[in-house]
Amino acid sequence: MENVVILGGGPAGCTAALYTARADLAPLVLEGEPSDDILPGGQLMTTTEVENFPGYPNGVSGPQLMADLKKQAERFGARFEYKTVSSVDLKKYPFIIYVGNEKIEAKSIIIATGASAKYLGLPAEQKFLNHGVSACATCDGALPRFRNKPVVVVGGGDSAMEEALFLSRFAERVHVVHRRDKFRASKIMADRVLTHPKIVVEWNSVVEDILGNDKEGVTAVLLKNMQTGQIREIPCSGYFCAIGHTPNTGLFKDYLELDEQGYIVTKPNRTATNIEGVFACGDVQDSYYRQAITAAGSGCMAGIEATRWLESKE
Ligand code: NAP
């Protein structure tokens, strides 16, 4: 039986692993198998440059930061496995985690499953997924199909700014489509976009449809101006959706208290959930800060809380 099973290997999961490993609990971290939907290591794996994680005065790439966090936890005995959890039973104790037919028993669980990219819900997003449609410029932006061609980014938050700035390295022109006349993004990121010579902002606009064909994938988007109702076609080879994220809480909805957006509810200023021995940290329980450093901070809290809870039981 495992002392602590940590679900998710992003900054929250890795930091929870570091703390529980240093408490001699030999945590098991289940990261998920690499696939189109899952990139073990969390959202930082698709982030180019992280400039706001303390301790890296010159910035660090997302994958490098994740490699460092993982290595630090492994040094103290944390075990990382690429396994995708199919279901959990949190009504039984010890808790049960199923990975296909494999059954893992755990005295405590730390949930750090993060959040996934949202799409607008247009049928063409599915049709052209990986054929010009993406929610990750860092993963796909350097592909030949986007080089020296116009591309479109949807959204007005920091993610959209980051995607647009990254794409501007390769694309001929980046159109940022935002439904309002003001960005939600932080001022520093918004200013970089607004002053970039290759980026054009399409204010008060929404994507009505994505056009393309089987051979070429995406070839254009139809934009509707919300104020005038005018519809315009913008030729492009790529459509990048950057409108936020949904917490990955589907596995836990029958057991844990979730808020109206689906985030796990934890005790005020804590990581304890409504089930004793189950803790949640990082983006799966934080709809407000959603930063790598706050995820790591709450991973530390979850590691300490799980350790103290296990001590109190023994
Ligand atoms: P976000 O801040 O929630 O922004 C989402 C954006 O998408 C908003 O501008 C929103 O428009 C727009 N949007 C949402 N649904 C839409 C829809 N159906 N149609 C059209 N537009 C839609 O999400 P985020 O940008 O992913 O950022 C999340 C958090 O991570 C933030 O706290 C952010 O600061 C942080 N973050 C930081 C960095 C960084 O510092 N480098 C990078 C990425 C993310 P409205 O503005 O009209 O609501």
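- For the pair T20/N3, no side-chain contact is recorded, criterion being any heavy-atom separation below 4.5 Å from C-beta on.
- Considering only heavy atoms from C-beta on, P11 comes within 4.5 Å of L44 through its side chain.
- Here the side chains of N274 and K267 are not in contact, with every heavy-atom distance at 4.5 Å or above.
- Judged by the 6.0 Å and 45° rule, K70 forms a cation-pi pair with F80.
- In this structure a side-chain-to-backbone donor-acceptor pair under 3.5 Å is present from D286 to R290.
- Counting non-hydrogen atoms of other residues, nucleotides and ligands closer than 6.0 Å to CZ of R75 gives a total of 12 or fewer.
- Heavy-atom minimum distance, K92 versus D89: NZ-OD2, 3.0 Å.
- Atom CG in L223 sits 4.0 Å away from atom CD1 in I234 (nearest 0.5 Å).
- At least one side-chain heavy atom of R180 sits less than 4.5 Å from a side-chain heavy atom of R184.
- Under 4.0 Å is where a charged nitrogen must lie from a carboxylate oxygen, and between E2 and R79 at least one such pair does.
- Around OH of Y82, the count of heavy atoms belonging to other residues, nucleotides or ligands within 6.0 Å does not exceed 12.
- Heavy atoms from other residues, nucleotides or ligands lying under 6.0 Å from CD1 of I188 number 12 at most.
- With hydrogens and angles ignored, the 3.5 Å screen pairs a side-chain donor or acceptor of K198 with a backbone N or O of A171.
- Taking 4.5 Å as the limit, some side-chain heavy atom of L258 sits within range of a side-chain heavy atom of K253.
- Residues L28 and L251 fall within the same hydrophobic cluster, defined by Ile, Leu, Val, Met, Phe, Trp and Tyr side chains chained together at heavy-atom separations under 4.5 Å.
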task: Would you sort out whether M226 and V206 count as a side-chain contact (heavy atoms from CB on, under 4.5 Å), showing the intermediate values?
output: CA-CA 7 Å; M226 305 283 281; V206 291; 3.6 Å; yes

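- Taking 4.0 Å as the cut-off between side-chain N and carboxylate O, K187 and D191 count as a salt-bridged pair.
- Other residues, nucleotides and ligands place more than 12 heavy atoms under 6.0 Å from the CD atom of E105.
- Under a hydrophobic clustering in which Ile, Leu, Val, Met, Phe, Trp and Tyr are joined whenever their side-chain heavy atoms come within less than 4.5 Å, directly or via other members, L165 and V176 fall into the same cluster.
- In this structure, the side chain of R173 does not engage the main chain of V151 through any donor-acceptor pair within 3.5 Å.
- In N213, the CG atom is crowded: over 12 heavy atoms of neighbouring residues, nucleotides or ligands sit closer than 6.0 Å.
- Figure legend: R22 and F76 shown as a cation-pi pair, the cationic atom lying under 6.0 angstrom from the six-membered ring centre and within 45 degrees of its axis.
- Hydrophobic clustering (side-chain heavy atoms under 4.5 Å, transitive across Ile, Leu, Val, Met, Phe, Trp, Tyr) groups I293 together with V60.
- A donor-acceptor contact shorter than 3.5 Å links the side chain of S237 to the backbone of R145.
- Taking 4.0 Å as the cut-off between side-chain N and carboxylate O, E33 and K83 do not count as a salt-bridged pair.
- Hydrophobic clustering keeps I264 apart from M301 (ILVMFWY residues linked when any side-chain heavy atoms are closer than 4.5 Å, directly or through intermediates).
- More than 12 heavy atoms of other shown residues, nucleotides or ligands fall within 6.0 angstrom of atom CZ in F128.
- Rounded to the nearest 0.5 angstrom, K127 NZ and D214 CG are separated by 6.0 Å.
- No path of Ile, Leu, Val, Met, Phe, Trp and Tyr side chains, each step under 4.5 Å between heavy atoms, connects I96 with V99, placing them in separate hydrophobic clusters.
- The ring pair (Phe, Tyr, Trp, His ring centres under 6.0 Å) analysis of residues 204-263, with sequence neighbours excluded, yields the pairs F146-F240.
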- prompt: Can K118 and E125 be said to form a salt bridge (charged side-chain N to carboxylate O under 4.0 Å, His left out), step by step?
  reply: CA-CA 11 Å; K118 278 189 202 163; E125 288 175 320; over 6 Å; no

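- Side-chain contact between F170 and N148 is absent, with no heavy atoms from C-beta onward closer than 4.5 Å.
- Residues F166 and G141 come closest through the heavy atom pair CE2-CA, 4.3 Å.
- Residues passing the side-chain hydrogen bond (donor to acceptor under 3.5 Å, both in side chains) test with E202 are H175, R232, sequence neighbours excluded.
- Side-chain contact check for V88 versus F95: every heavy-atom pair is 4.5 Å or farther apart.
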Audit row: C281, I111, side-chain contact (heavy atoms from CB on, under 4.5 Å) steps and yes/no: CA-CA 6 Å; C281 54; I111 300 171; over 6 Å; no

- request: Please lay out, stage by stage, how D209 and V221 fare under the test side-chain contact (heavy atoms from CB on, under 4.5 Å).
  value: CA-CA 6 Å; D209 204 358; V221 297; over 6 Å; no

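- In this model, a donor atom of one side chain and an acceptor atom of the other lie less than 3.5 Å apart for D68 and Q64.
- Summarising the geometry, atom CZ belonging to R179 is positioned 15.0 Å from atom CG belonging to N225; distances are rounded to the nearest 0.5 Å.
- Put simply, CD on Q230 and CG on N204 are 12.5 Å apart, with the number rounded to the nearest 0.5 Å.
- Between F279 and W309, the angle of the ring planes goes over 60°, which puts this pair in the perpendicular group of the 30/60° scheme.
- Within 6.0 Å of CZ in R308 there are 12 or fewer heavy atoms belonging to other residues, nucleotides or ligands.
- Ring geometry, H178 versus W203: the interplanar angle exceeds 60°, so the pair is classed perpendicular (tilted spans 30 to 60°).
- Here the side chain of S86 pairs a donor or acceptor atom with the backbone of G100 at under 3.5 angstrom.
- Proximity of L25 to T307: side-chain heavy atoms (C-beta onward) are separated by under 4.5 Å at one or more points.
- Using a distance-only test at 3.5 Å, with no hydrogens or angles considered, a donor-acceptor pair links the side chain of T273 to the main chain of V278.
- Electrostatic pairing of R192 and E51 counts as a salt bridge here, judged by a charged N lying under 4.0 Å from a carboxylate O.
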- request: Show the numbers, then the answer: is there a side-chain contact (heavy atoms from CB on, under 4.5 Å) between C300 and I304?
  value: CA-CA 6 Å; C300 156; I304 291 176; 3.9 Å; yes

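- P54 and N52 make their closest contact through CD-O, 3.5 Å (heavy atoms, listed as atom of the first residue, atom of the second, distance).
- In this structure, S159 contributes its side chain and A242 its backbone to no donor-acceptor pair below 3.5 Å.
- K313 contributes atom NZ, which lies 8.5 Å from atom CG of L310 (distance to the nearest 0.5 angstrom).
- Side-chain N/O atoms of D140 and S134 include a donor and acceptor closer than 3.5 Å.
- Checking side-chain atoms of Q285 against main-chain N and O of G282 turns up a donor-acceptor pair under 3.5 Å.
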